[in-house]
Amino acid sequence: MSKTADSMSEASGKTVAADAGAKPKADPRESSLFVGSTEKTFQILHAFDGPHRQMPLSEIAKAANLDRSAAQRLVYTLEVLGYLRRVHGTRNYALTPKLLQFSYNYQRANELIEKAFPYLLDISRSVGETANLQELDGAEIVFVARFPGKHLVNIEFMVGSRLPAYYTASGTAILSRLSEEEREDILARTDLRPLTPFTICDPDRLRARVREAGEKGYALLTNEAVMGDISVGAAITDEHGRAVAGISISVPATRWTPEQVEQELARHVQVAAASISVHKFGSYSR
């Protein structure tokens with residue numbers, strides 16, 4: 001065997017050895033710093049993420065995936081602290097307004113919301129349609145600000161509502177400004193189940209739509225997250241051109257067509273997104 005071949009073989013052997021010796025990434029929950037009881041507390045609160053506005057202890061324990069004893073102690077503690085309340089005349093528990101303090105504190109501390117406020121308000125007033133500001137959280141977008149227009153649609157969506165990023169106009173626009181590796185990671189974590197009969201769930205079509213949004217500078221989706229809705233969204237970027245949020249306009253399909261939205265409203269979200277990017281970060285890179 002030649003010296004070159006020997007060197008390649010040796011290098012290959014070292015690579016295999018290195019790979020074999022590589023340790024899997026540690027689970028942060030296994031750290032001594034991780035407080036399991038705190039996690040369980042949030043499991044109790046997240047039990048109310050579903051459709052039930054109030055539940056008895058047994059259902060809370062089931063939804064939180066906790067045994068009844070642990071759930072009982074945590075529910076009692078949260079009730080004493082004022083985050084849960086017993087519904088009068090029943091054995092059910094419900095969330096209290098005290099939890100809204102966290103939402104208020106987040107919005108007050110979020111500079112992006114402050115910078116976006118006048119642009120969202122201007123769209124709502126000048127166009128007469130609902131303007132939204134969304135941020136990416138995991139594989140979902142979260143509504144962090146919402147300015148209803150004259151003809152409000154989708155009243156079930158409010159600040160704090162969440163949707164799969166790949167199924168929304170603003171989410172698709174945000175994804176178009178991320179790296180391919182990040183997009184693939186988010187796609188892998190997305191529950192690809194349809195929300196409507198028109199939801200696109202095929203990964204290749206979703207990838208193609210993100211690429212198209214990157215080329216156009218905006219994304220347009222119809223009837224995918226909710227029936228009767230047409231949304232157009234654009235990404236707000238930092239000084240490096242990386243998406244930090246998205247802005248969208250939602251209109252009813254009863255009064256608009258996708259062609260009209262693209263012709264008349266796409267430029268509004270693009271201009272607003274670019275202006276917020278400049279205002280917040282001092283530069284804008286498409």
Side-chain angles (χ1 to χ4, degrees), residues 107 110 112-137 140-177 195-196 198-200 206 209-210 212-237 243-280 284 286:
Q107 291 188 307
N110 190 320
L112 179 62
I113 296 177
E114 178 185 353
K115 301 298 184 184
F117 186 98
Y119 298 98
L120 294 169
L121 182 61
D122 180 65
I123 288 176
S124 176
R125 287 178 174 176
S126 62
V127 178
E129 302 294 351
T130 302
N132 309 290
L133 178 69
Q134 294 113 337
E135 292 186 342
L136 185 67
D137 183 28
E140 300 174 314
I141 55 100
V142 182
F143 288 75
V144 295
R146 183 166 168 82
F147 287 73
K150 298 177 183 178
H151 311 281
L152 178 63
V153 293
N154 303 331
I155 59 174
E156 68 269 25
F157 291 125
M158 57 186 70
V159 172
S161 297
R162 309 171 73 92
L163 288 169
Y166 271 95
Y167 292 173
T168 65
S170 60
T172 300
I174 291 171
L175 291 164
S176 73
R177 300 293 181 175
L195 301 180
T196 76
F198 298 95
T199 305
I200 293 177
L206 293 173
R209 184 161 67 188
V210 169
E212 181 182 5
E215 295 169 357
K216 287 185 173 181
Y218 64 88
L220 177 69
L221 274 70
T222 303
N223 292 326
E224 295 211 32
V226 62
M227 289 296 296
D229 173 80
I230 305 174
S231 295
V232 59
I236 299 170
T237 63
V244 296
I247 186 170
S248 68
I249 299 176
S250 300
V251 299
T254 54
R255 291 190 298 104
W256 291 82
T257 66
E259 292 74 21
Q260 289 175 321
V261 171
E262 191 160 26
Q263 292 173 6
E264 301 179 33
L265 300 182
R267 59 186 176 87
H268 286 281
V269 293
Q270 286 182 288
V271 170
S275 300
I276 297 168
S277 300
V278 171
H279 194 175
K280 177 170 171 57
Y284 177 73
R286 183 177 171 184

For the student: nearest non-hydrogen atoms of [X] and [Y], plus distance:
X: Asp137; Y: Arg162; value: OD2-NH2, 2.6 Å
X: Leu220; Y: Pro258; value: CD2-O, 3.5 Å
X: Arg177; Y: Ala243; value: CB-CB, 3.5 Å
X: Val159; Y: Arg146; value: CG2-N, 4.2 Å
X: Ile200; Y: Leu206; value: O-CD2, 3.3 Å
X: Ser275; Y: Tyr119; value: CB-CE2, 3.4 Å

Nearest-0.5 Å distance, [atom1] of residue [X] to [atom2] of residue [Y]:
X: Gln107; Y: Ile113; atom1: CD; atom2: CD1; value: 5.0 Å
X: Glu129; Y: Ser248; atom1: CD; atom2: OG; value: 12.0 Å
X: Ile230; Y: Thr254; atom1: CD1; atom2: OG1; value: 8.5 Å
X: Ile141; Y: Glu135; atom1: CD1; atom2: CD; value: 10.5 Å
X: Leu221; Y: Tyr167; atom1: CG; atom2: OH; value: 11.0 Å

side-chain contact (heavy atoms from CB on, under 4.5 Å) between Ile247 and Ile123, intermediate numbers included: CA-CA 11 Å; Ile247 186 170; Ile123 288 176; 4.1 Å; yes

Please tabulate, for the side chains in residues 168-175, all donor-acceptor contacts under 3.5 angstrom to protein atoms that are two or more places apart in sequence or on a different chain.
{"unit_1": "Thr168", "atom_1": "OG1", "unit_2": "Ala165", "atom_2": "O", "d": "3.1"}
{"unit_1": "Thr168", "atom_1": "OG1", "unit_2": "Gly171", "atom_2": "N", "d": "3.0"}
{"unit_1": "Ser170", "atom_1": "OG", "unit_2": "Gln134", "atom_2": "OE1", "d": "2.9"}
{"unit_1": "Thr172", "atom_1": "OG1", "unit_2": "Thr168", "atom_2": "O", "d": "2.7"}

Derivation and outcome, side-chain hydrogen bond (donor to acceptor under 3.5 Å, both in side chains), residues Asn132 and Thr130: CA-CA 7 Å; Asn132 309 290; Thr130 302; over 6 Å; no

Do the side chains of [Y] and [X] get nearer than 4.5 Å, heavy atoms only?
X: Gln260; Y: Val251; result: no
X: Ile276; Y: Leu112; result: yes
X: Glu212; Y: Ser176; result: no

Would you say [X]'s side chain and [Y]'s backbone share a donor-acceptor pair under 3.5 angstrom?
X: Arg209; Y: Tyr166; result: yes
X: Ser124; Y: Leu120; result: no
X: Asn223; Y: Gly228; result: yes

Test log, rule side-chain contact (heavy atoms from CB on, under 4.5 Å), inputs Arg267 and Tyr218: CA-CA 9 Å; Arg267 59 186 176 87; Tyr218 64 88; over 6 Å; no

Worked verdict on Leu133 versus Phe147 for side-chain contact (heavy atoms from CB on, under 4.5 Å): CA-CA 9 Å; Leu133 178 69; Phe147 287 73; over 6 Å; no

Lys115 vs Ile236, side-chain contact (heavy atoms from CB on, under 4.5 Å): CA-CA, chis, key distance, verdict: CA-CA 11 Å; Lys115 301 298 184 184; Ile236 299 170; over 6 Å; no

CA sep, side-chain torsions, deciding dist, call: Glu264, Trp256, side-chain hydrogen bond (donor to acceptor under 3.5 Å, both in side chains): CA-CA 10 Å; Glu264 301 179 33; Trp256 291 82; over 6 Å; no

